[in-house]
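Just below is one structure, and these are the notes that go with it.
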Amino acid sequence: TLNARLTARRSLVRRARILSLVCCLLAPIGLAVQLDDVVAARTWHVSTGGRDTASGTSALPLRSISEAVRRASSGDVVEIRGGVYRESVQVYRKAIHIRARSGERVVLDGSRQVTGWQRSGSIWGKRGWATQFRSDFGPMVPSNNRVAGLPDQVFVDGRALTQVTSRAAVRDGHFFHDTAGDRLYIGVDPTSRRVDASVRSWGIYLNEAHGSRVTDLIVRRYGTERRHVAAVRAYANDLVLDGVVTEDNAAIGISVIGRDVTLRDGRSSNNGYLGLHADRARRLTIDTMAVIGNNTAGIAPIHSAGGLKDT
């Protein structure tokens, strides 16, 4: 009706006037507010059953977190339905909130399932394994534990196997990556079991994404190379990582470089090197974070391997 349209128009006018007033009040103290950003802020939905050609609504969600982040603008929210997402996600120069849907378990996983095993005596081999991580045998790697510099990881039914440096050394609970021959060997019968191996180096990179927030995500099984430092890199100012869990990654769980970063109500466990790392992190807040069982690779403790290193 005409009255209803007039009422709706008046409501929009009032909202615009209020937003304009807020801008005028904040401008003198240096807090700029972009009216277009306030009006345009939206929630992008992601689901394992979605499609990256979809609109990103609740009814038509996207398939990948990366696509939602690519489309999002500062102020937007990326809400993720429960499931396992095998990808790496970078947020570059925008402030967004990436969160799991309330009550749902969201996992970013750096591994993929490996099938097609062939038995060879008491071990099993996989041909055509072309994943090649950069090794690093710097001062943090003990001379008597060279595998500490290798980011490869293999899991059988969720249990991590121990890496060895030759096929002959493969026993029950161990694995070897023949990089020259593109083959993977395990000492566990994979029949009726799930075998996963790391294929990605990092999970989340907040790259100058000042003001961003990540809530209730699990980041696991990334074969982190030294050049990528950690499974989660929080390299920006005014960040909040709330309820973030990093586990079973090859190197560091979370690395922080920036001002006014908060880590809270999370966990960093069973990572190959450190649980948490911070460098030039001014006013870093760590609140109720469990840092447990790290340095699984056997990095030299004198170099800093273990729980938390802040420099």
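Sequential numbering from 1 along the given sequence is applied to the chain's residues. Small disclaimer: the values here were computed from a predicted structure and weren't measured.
- Inter-residue side-chain proximity for His177 and Phe133 is flagged as unmet; no heavy-atom pair is nearer than 4.5 Å.
- For the atom pair OG1 (Thr57) and CG (Leu62), the distance works out to 8.5 Å, reported to the nearest 0.5 Å.
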Report task. Report the C-alpha distance between Asp279 and Ile257 in whole Å, list the side-chain angles of each, state the deciding distance to 0.1 Å, and finish with yes or no for side chain to side chain contact (heavy atoms under 4.5 Å, CB included). Result -> CA-CA 5 Å; Asp279 181 35; Ile257 299 177; 4.1 Å; yes

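- Between the side chain of Glu87 and the main chain of Ser66, a donor-acceptor pair closer than 3.5 Å is present.
- When side chains are defined from C-beta on, Ser120 counts as touching Arg167, because their heavy atoms get closer than 4.5 Å.
- Heavy-atom minimum distance, Val219 versus Ala231: CG1-CB, 4.1 Å.
- For the pair Ile123 and Gly187, the tightest heavy-atom approach, listed with the atom from each and the gap, is CG2-CA, 4.4 Å.
- The aromatic rings of Trp202 and His228 lie perpendicular to each other, with more than 60° between the two planes, well past the 30° mark.
- Cluster annotation: Val77 and Val69 are assigned to distinct hydrophobic clusters (Ile/Leu/Val/Met/Phe/Trp/Tyr, side-chain heavy-atom contacts under 4.5 Å, transitive).
- Considering only heavy atoms from C-beta on, Tyr273 stays 4.5 Å or farther from Asn294 through its side chain.
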Requested in this report: Given side chain to side chain contact (heavy atoms under 4.5 Å, CB included), test Leu217 with Val232 step by step and report yes or no.
Outcome: CA-CA 11 Å; Leu217 300 189; Val232 175; over 6 Å; no

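- A 4.5 Å side-chain heavy-atom check between Phe175 and Val156 finds every atom pair outside the cut-off.
- Not a single donor-acceptor pair under 3.5 Å links the side chain of Gln90 to the backbone N or O of Asn207.
- The salt bridge (charged side-chain N to carboxylate O under 4.0 Å, His left out) pairs that include a residue from residues 187-209 are Arg93-Glu208, Arg194-Asp196, Asp196-Arg221, where partners are two or more places apart or lie in different chains.
- Tyr205 carries Arg233 over the face of its six-membered ring, with the cationic atom under 6.0 Å from the centre and within 45° of the normal.
- Judged as a salt bridge (charged side-chain N to carboxylate O under 4.0 Å, His left out), the pairs with a partner in residues 282-307 (not counting sequence neighbours) are, in order, Asp260-Arg283.
- Side-chain contact annotation: Asn249 with Thr224, donor-acceptor N/O pair under 3.5 Å absent.
- The shortest side-chain heavy-atom distance between Arg99 and Asp216 does not fall under the 4.5 Å cut-off.
- Taking the ring centre of Trp44 as origin, the terminal cationic atom of Arg42 falls inside the region bounded by 6.0 Å and 45° from the ring axis.
- Not counting sequence neighbours, the partners of Tyr235 by the side chain to side chain donor-acceptor pair (under 3.5 Å) test are Ser255.
- A distance of 6.5 Å separates CD1 in Ile98 from CG in Leu206, rounded to the nearest 0.5 Å.
- Hydrophobic cluster membership differs between Trp117 and Phe155, with clusters built from Ile, Leu, Val, Met, Phe, Trp and Tyr side chains linked at under 4.5 angstrom.
- Looking at residues two or more places apart in sequence or on another chain, you find no side chain to side chain donor-acceptor pair (under 3.5 Å) involving Arg183.
- Shown here for Ala54 and Pro61, the closest heavy-atom pair between the two residues is CB-O, 3.4 Å.
- With no hydrogens or angles considered, no side-chain donor-acceptor pair links Thr262 and Arg264 at under 3.5 Å.
- In this structure the side chain of Val147 reaches within 4.5 angstrom of the side chain of Thr165, judged on heavy atoms.
- Enclosure of atom CZ in Arg146 by more than 12 non-hydrogen atoms of other residues, nucleotides or ligands within 6.0 angstrom is indicated.
- Contact detail for Thr48 and Tyr85: the closest heavy-atom pair is N-OH, 3.3 Å.
- Taken from CG in Asp172 to CG in Leu161, the straight-line distance is 8.5 Å, to the nearest 0.5 Å.
- Between Ser198 atom OG and Arg220 atom CZ the span is 10.5 Å, to the nearest 0.5 Å.
- Listed for the Lys94 side chain is a donor-acceptor partner under 3.5 Å among the backbone atoms of Arg70.
- Taken to the nearest 0.5 Å, the OG atom of Ser166 stands 10.5 Å off from the NE2 atom of His174.
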Requested in this report: Please report the C-alpha distance between Tyr222 and Ser88 in whole Å, then the side-chain angles of each, then the deciding distance to 0.1 Å, and finally whether the side chain to side chain contact (heavy atoms under 4.5 Å, CB included) criterion is met.
Outcome: CA-CA 9 Å; Tyr222 286 86; Ser88 297; 4.1 Å; yes

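- Linking Ile, Leu, Val, Met, Phe, Trp and Tyr whenever their side-chain heavy atoms come within less than 4.5 Å leaves Val214 and Ile218 in two separate clusters.
- Residues Ala95 and Ser74 come closest through the heavy atom pair N-OG, 3.1 Å.
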Query raised in the report: Is there a side chain to side chain contact (heavy atoms under 4.5 Å, CB included) between Asp182 and Gln132 once you walk through the steps?
Result: CA-CA 9 Å; Asp182 287 340; Gln132 299 278 356; 3.1 Å; yes

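- The hydrophobic cluster containing Val195 does not contain Tyr185, counting ILVMFWY residues as joined when their side-chain heavy atoms lie under 4.5 angstrom apart, directly or transitively.
- Between Asp152 and Leu184, the closest side-chain pair of non-hydrogen atoms is not below 4.5 Å.
- No more than 12 heavy atoms of other residues, nucleotides or ligands lie within 6.0 Å of CZ in Arg259, so this atom counts as exposed by the packing criterion.
- Nearest heavy atoms, Gly149 versus Pro151: O-CD, 3.7 Å.
- Listed by chain and number, the residues in a side chain to side chain donor-acceptor pair (under 3.5 Å) with Thr131 amount to none (sequence neighbours excluded).
- With rounding to the nearest 0.5 Å, the separation of CD1 in Ile299 from CG in Asn145 is 7.5 Å.
- When side chains are defined from C-beta on, Leu263 does not count as touching Val244, because their heavy atoms never get closer than 4.5 Å.
- Under the side chain to side chain donor-acceptor pair (under 3.5 Å) criterion, Arg213 pairs with Asp242, sequence neighbours left out.
- Under a hydrophobic clustering in which Ile, Leu, Val, Met, Phe, Trp and Tyr are joined whenever their side-chain heavy atoms come within less than 4.5 Å, directly or via other members, Ile204 and Ile252 fall into different clusters.
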